[in-house]
Structure formats: C-alpha cells, structure tokens
Amino acid sequence: MWPEEFAARYRALGYWRGETFNDLLAASARRYGDRIAVVGGDVRVSYAELAVRAERLAAGLHTLGIRHGDRVVVQLPNVVEFFDVIFALFRIGALPVFALPAHRAAEIGYFCGHTEAVAFVTTDVHEGFDYRGLAAAAGDATVIVAGDPGGHTALADLYADPVDLPPGPAADDLAFLQLSGGSTGLPKLIPRTHDDYLYSVRASAEICELDTDSVYLCALPVAHNFPLSSPGVLGVLYAGGRIVLAPRPDPATAFELIDREGVTITAVVPPLALLWLDAAARPGRTTDLSSLRVLQVGGAKLADEVARRVTPTLGCHLQQVFGMAEGLVNYTRFGDPDDIVLHTQGRPISPDDEIRVVDDDDVEVPAGEVGHLLTRGPYTIRGYWRAEEHNATAFTPDGFYRTGDLVRIVDGGYLVVTGRAKDQINRGGEKIAAEEVENHILAHPGVHDVAVVAVPDAYLGERTYAFVVPRPEADPLTAPLIRGFVRQRGLAAYKIPDKVEFVDEFPVTGVGKVSRKDLRAALRTRLAGPTAPVA
Ligand code: OOB
C-alpha cells in the first residue's frame, strides 16, 4: 500500500475522496433512480432496482457466512447478475476476485486456493461450456451458480429481505483483487482500494465525457479492467448512463445491440476492431451504427493501418487506451490532432501519474528515446497481493511499478508503446505468461525442456509458439499431444500454444540461460511475417 506521505497527498489533491463503491451506488440510485442502469438480454434494471438487488443479495450472502475481508472468486459472463454480485460483496466488504470466463480448472483452482476463497460464483452454461464442471477446482469454497445450480447453491435463492448488516468497508480498504496478465509462473493478484479505483473511474468518465445520455456497450468480458473501469461499466454507473451487455463480441451481436440501444461508446481489443471494421464496411449491412460516437481500442498495440480506418468506416472518434490492471491508464483525448490519435497510445489520466523511461540499469534515457516504462501514482499499486518476493523485483525501491513495456514519450507527454521486455505473450489483448505455460508443458514426462515465445501475427498481433526439447528416451511426442496435454490440465484455451515445434536444443545466452531473444529472432527470420512489436 502507499506510504502515508503519498496517501496524504492524494487525499489533499482530491483524488482520494473517502468514498466507496457502496457510496457510488447509493448516490447514483438517488440521482438517477428510474433511469435504466443495465441492459442484459431482455432484462432491464434501473438504478433504484440495482441498489435494491445488491442490498438483498448482500443479506443472503451474509447469511451464508460471507464476511468483511473474505475473498470470493467471481467468474461470470456479461450478465446483469455480475453487478448484483459485486455490489453485494462491496456492501459486505468481501473482495471479489475477478476471474474471466475463459479460465478453466487450472486457473480457478489456483485463484480459489491462493486467495483461500470462501465462495466461487459462476454461471451454469455459457457459450457451450458448463461452468458447474469447475466446482471441483474450487476446493472448499461454496459454489454459487447464476442460472440452473445443478446441485450447487442457486444465486437466485440468495436474494433475501434486507437485514441490518455490519458497517461496510472503509474507502481505504481493499475493494477487490484484479488479475495480472503476468509474466511469471503463477498469476499475480492486484489489490485495489475503493479510494484509488474510484478515482480512476471518475477521472476516466470525465476524460471520456460520459453523462446520462451515454450508452456503453460492454462487448469485452466485463471483469477485465478495460471494460470495468476505463471508463467502462463503473464509469457509466458513476455518470448515470446505460450499460448494454453483449453476450458475445462478434460484429453481428454487437451491431444489433448498437442499433437497438443507440450505443454511444464501446471498447474493443485490436483484433476485434479489425473484425468490426471489415463487417461495417461490407455492402448490404442493415444495422445502423450512427449513434456510435467513440470506439475505444486498447489492450494491445493497434496497428496504424487499422487505426486509420476507424473514423472513415464507423464515423466516430477513435480513442486509443493503453492501460494495465496494476493501475496506470493512458487515453488519447477527443480533441487531439489525428497524428496523436492515430500514432500514440495516449497520455496518463492524472497529473500525478509519474512516468519514468529507463534503460536496463534504471537510468533515465534521453527525452524521446525508447526505454522501460516505470510508473507510480494515485491509482497504481505498490505491490501485488501476498507476493513479497515477487514485489521486490516488480517494483523499484521507491515504489515505481515496472510495467515491462517499452515506450517512448513524444511531445505533450503522449506514450508510444514500441515493444515489451516482459516474458509475456499478448494474444490479441489476452495476456499469457510464458513461464506459466512452460510449467504446464514441463509436467509432461516426455518433455526435457521448453521455451514459449511470441510470434508475430497479422490478426492477433501475436500468437504463442512453444519450442520443446523431448527426452531422448521417451516415446515420440507430437504437437497435438502436447496441446491436448495442456488442455487436459485445465488451462484456459487462449493459453494453449498455437504452435509446438520440437528441437534438439535451445540457443543459450552468455550465462547459459535459454535465449528467448534468439529463438524469437530465428522464428521471425523463418516466418518473415509482419514485424509486430515483439520485444
Ligand atoms: C489492459 O490491462 P492488462 O492488465 O490486461 O494488460 C496490461 C498490458 C500492458 O502492460 C501492455 O503490455 C499491454 O497490456 N497493453 C497495450 C495497450 N494496452 C495494454 N500495449 C500496447 N498498446 C495498448 N494500447 O490491457 C488494459 C487495462 C485498462 C485499459 C486498457 C487496457
């Protein structure tokens, strides 16, 4: 957490206002009452109704034994119940741990175990997958299911008559644990407080000019930091607008909702932007997209050629968003010249976001040159949750977060992301820690060693390539066998290597470590693909 001098400063400057998400919901329910807050399928929930639903669910969850400070793993698709659940947990002061719908037994098991979760909230079936099958991975946690509970606790049964609950959390308490994309063996958890997160939400809503006329299409998985708070669904609830939940992000589903609900703003990752642009430009499109004012693109580097197509094709502003669940979020602003909007990833939210661009020895590089991005500020964490050892290297001694991103700063303080120094693959915005996948592959008895690297890809930006050194005495390995093995270990599908290649040995660095740099270079030469920003 922040040293007291910083906390005092952030309070004095009005960033931290001593408000919680409970205060936000109460204020919005008072202010916007009967206006529709959330639309999901045929369900339309007003601000006043949302407050009541959260209060009733808080009563039921409390009766179930969930208390202040308890962790609850929440894995829900884009459904209205997501809001009931998180605001009910906020009311109690229990911490949602935000899993994504793509996560499977390996991830859910780890989240529940590592956080000692008391409950796991999920859905019945979504996009053909039965989430109740993950119950075994949740260990001792009570399994709560939105929809058909199949023998578990039904979420629907937990909405109870409001009871007198103990006082809720303080503004400087943790509000939830968010997931890090990670670059190490196991995902890290990101502790965010009410004070710090609310500041980023309010400031984002202002930058994105949200108001009561805003209609936000949530096409990405709602629990991810981008659609959650940049300005995302929480920004909309603060500003009194309307959230429209898309069950899937494909153009047909999204365009239909944009047309029907008069969507004004939405957020996508670069591959989705590409799909939408192609679909929007197709002759004979029957949906009307003219209500759309802003397309936010972030999560991974947006290619210049794609950026250039947004305004002519969709007739709306492009806003580039470069953010991270650890904190720092950058936006291009609506009044910015084309050059900035098309070619930079924006500038920070806050005048008190401190940015340092340094070389390998943590020495600042000359202005305008590429270096490692370090950051500190009023909504950037000072450490991962229960990860002492990792924190010692992931942060500088004076509290700057090492983002692992390579950037340069251009005039006006705008950042251009040029690459990455962390061992992570950014597969169309979905982050994959090389080491996590390597550990799963290494568990195969026929594998001697493995190195997982990114390979440039025209559509996703990057794909995952696994180089495997087999054990000489073992039965011959095949790529499908390795992929199947990893899948069967319960790893999310997006983490399963796109390609597996068998080699006799790895190139090594001077000290004898596997040289991922040489592996990537060899791959790039061989594939001669587009030069995507692979660090
Ligand atoms: C967002 O958050 P995370 O935590 O999934 O991933 C953060 C990482 C960054 O460190 C960077 O490597 C990459 O994703 N990234 C971008 C980018 N936006 C994120 N790289 C290049 N260009 C961009 N525009 O991805 C996230 C959180 C809040 C808002 C937006 C994105």
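Keep in mind the model is a prediction, meaning the values are calculated, not measured. Just follow the structure's listing: the first ligand is 1, and inside any ligand the first atom is 1.
Ligand 1 is never approached by Q178 to a heavy-atom distance shorter than 4.0 Å.
Listed by atom number, the atoms of ligand 1 under 4.0 Å from K422 heavy atoms are 9 (C), 10 (O), 12 (O). Each of the following atoms of ligand 1 lies closer than 4.0 Å to a heavy atom of Q345: 22 (N), 24 (N).
For atom 7 (C) of ligand 1, the nearest non-hydrogen atom of the protein is G323 O, 3.3 Å. Scanning the protein heavy atoms around atom 30 (C) of ligand 1, the nearest turns out to be F226 CG, 3.5 Å. For atom 4 (O) of ligand 1, the closest non-hydrogen atom of the protein is A325 N, 3.0 Å. Of the protein's heavy atoms, K431 CE, 3.6 Å lies nearest to atom 8 (C) of ligand 1. Ranking the protein heavy atoms by distance from atom 10 (O) of ligand 1 puts D405 OD2, 2.5 Å first. Closest protein heavy atom to atom 21 (C) of ligand 1: K301 N, 3.2 Å.
Across every non-hydrogen atom of V416 and K301, the tightest pair is CG1-NZ, 4.2 Å. For the pair L328 and T380, the tightest heavy-atom approach, listed with the atom from each and the gap, is N-OG1, 3.0 Å. Considering every non-hydrogen atom in both D398 and R382, the closest pair reads O-NH1, 3.9 Å. Here the shortest heavy-atom pairing between L237 and S28 reads O-OG, 2.6 Å.
In this comparison of A421, G298, A300, the heavy atom closest to atom 23 (C) of ligand 1 sits on A300. The residue among Q320, E326, H224, E430 with a heavy atom at the shortest distance from atom 5 (O) of ligand 1 is H224.
For the side-chain hydrogen bond (donor to acceptor under 3.5 Å, both in side chains) with H372, the qualifying choice from D360, T403, D405, D362 is D360, the only one to do so. When each of N330, T332, D339, D336 is paired with Y414, the side-chain hydrogen bond (donor to acceptor under 3.5 Å, both in side chains) condition holds for D336 and for no other.
Looking at N426 against ligand 1, only its side chain comes within 4.0 Å, counting heavy atoms.
Heavy atoms from other residues, nucleotides or ligands lying under 6.0 Å from CG of D304 number more than 12. Within 6.0 Å of CZ in R104 there are more than 12 heavy atoms belonging to other residues, nucleotides or ligands. Applying the 6.0 Å contact sphere to CD of E127 captures more than 12 heavy atoms from other residues, nucleotides or ligands.
Below 3.5 Å of separation, one finds an N or O of G299 facing an N or O of ligand 1. Residue V321 has at least one N or O atom closer than 3.5 Å to an N or O atom of ligand 1. Remark: ligand 1 and S230 share no N or O pair separated by less than 3.5 Å (distance only, no angle test). Geometrically, ligand 1 and L302 share no nitrogen or oxygen pair separated by less than 3.5 Å.
Side chains of D196 and Y10 form no contact here, defined as non-hydrogen atoms less than 4.5 Å apart.
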